[in-house]
Amino acid sequence: MKTPQSKTQPLPIFKYFFISLFFSLPLLLLLYSLQRPNNQPTHPPRQDSVSDLRIRPGYASYDAYIQRQLNKTLNPKLRQIWTTRDWDRKVRVFSSFFDDLKQKKLLSNQSKALCIGARVGQEVEALRRVGVSDSVGIDLVPCPPLVVEGDFHHQPFDDESFDFEFSNVFDHALFPDKFVGEIERTLKPGGVCVLHVAVSRRSDKYSANDLYSVKPLVRLFKRSEMVHVRKVDGFGLDTEVAFRKNKKTVNQRS
Ligand SMILES: *[C@@H]1O[C@H](CO)[C@@H](O)[C@H](O)[C@H]1NC(C)=O
Ligand SMILES: *[C@@H]1O[C@H](CO)[C@@H](O)[C@H](O)[C@H]1NC(C)=O
């Protein structure tokens with residue numbers, strides 16, 4: 001037997017249901033939007049070129065990173081070895097690398113050359129010995145007359161200063177994109193950068209990144225073309241990669 005009440009009962013229930021749904025909508029939308037980034041990939045899948053370059057964790061600040069790099073550069077025992085026992089052998093080996101690059105027309109006596117992370121300047125001495133007289137190095141700690149003070153993340157040089165840049169300290173870069181960006185900024189159009197890197201073995205405890213192939217380098221050198229890759233025996237570094245910065249097109253010329 002139906003009472004008047006039972007006839008009107010369904011209406012309040014639906015009303016309250018819809019009212020509560022209406023007021024909970026913003027909350028549901030909020031929860032949905034908070035959850036979405038975890039459930040849906042916001043970036044494309046990691047490519048080889050990205051995962052082949054890993055930045056080592058553990059630096060609380062840029063200053064902490066610089067302090068650690070300084071600690072190696074300033075180590076008196078190491079500096080002693082670099083300038084005495086190591087000097088002749090390293091200058092000789094670097095000279096043969098640079099002679100070879102001259103034969104490949106990537107370097108000439110007239111090149112204005114920079115060595116990045118040159119420590120005490122063995123590679124600068126080698127460049128001068130093979131006839132590249134206008135050459136200098138940078139490091140966090142200067143070592144006159146071959147090496148001036150400079151952070152490779154912020155090179156102390158104007159745009160388009162050099163014909164040739166060499167480095168075997170890519171693994172020490174905390175910001176590889178800045179390391180390469182600064183090289184491309186300070187190279188003249190058509191200038192050459194040669195890097196010695198380790199891809200099949202791990203470098204030392206002062207390294208800030210690990211490289212597992214040359215693909216990340218090709219990605220980082222945005223304004224250059226790769227000229228060659230070859231195996232070398234370079235003091236623990238096994239691969240030489242050479243890039244040539246693109247020449248300006250007619251439209252870009254000022
Ligand atoms: C810096 O190097 C010295 C040895 O030269 C070492 O005793 C010290 O623990 C190092 N400090 C840091 C912060 O790595
Ligand atoms: C470059 O310099 C070296 C060393 O001074 C010299 O032997 C060589 O002949 C020079 N090469 C050219 C092409 O001038």
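All figures in this text were calculated on a predicted structure; none of them were measured in a lab. Whatever order the structure lists them in is the order used to number ligands and atoms, beginning at 1.
The side chain of K102, and not its backbone, has at least one atom closer than 4.0 Å to an atom of ligand 2 (non-hydrogen atoms only; side chain from C-beta on).
A donor-acceptor pair shorter than 3.5 Å cannot be found between the side chains of S108 and K102. Side-chain contact check for S111 and D163: no donor-acceptor pair (N or O, by modelled atom type) lies under 3.5 Å. A donor-acceptor pair shorter than 3.5 Å cannot be found between the side chains of N75 and Y206.
Ranking the protein heavy atoms by distance from atom 5 (O) of ligand 2 puts G131 CA, 4.0 Å first.
Aromatic ring orientation, F98 versus F94: parallel (interplanar angle below 30°, classes split at 30° and 60°).
Under the 4.0 Å distance rule, the nearest protein heavy atom to atom 9 (O) of ligand 2 falls outside the cut-off.
When N109, V132, D99 are checked for heavy-atom proximity to atom 1 (C) of ligand 2, N109 turns out nearest.
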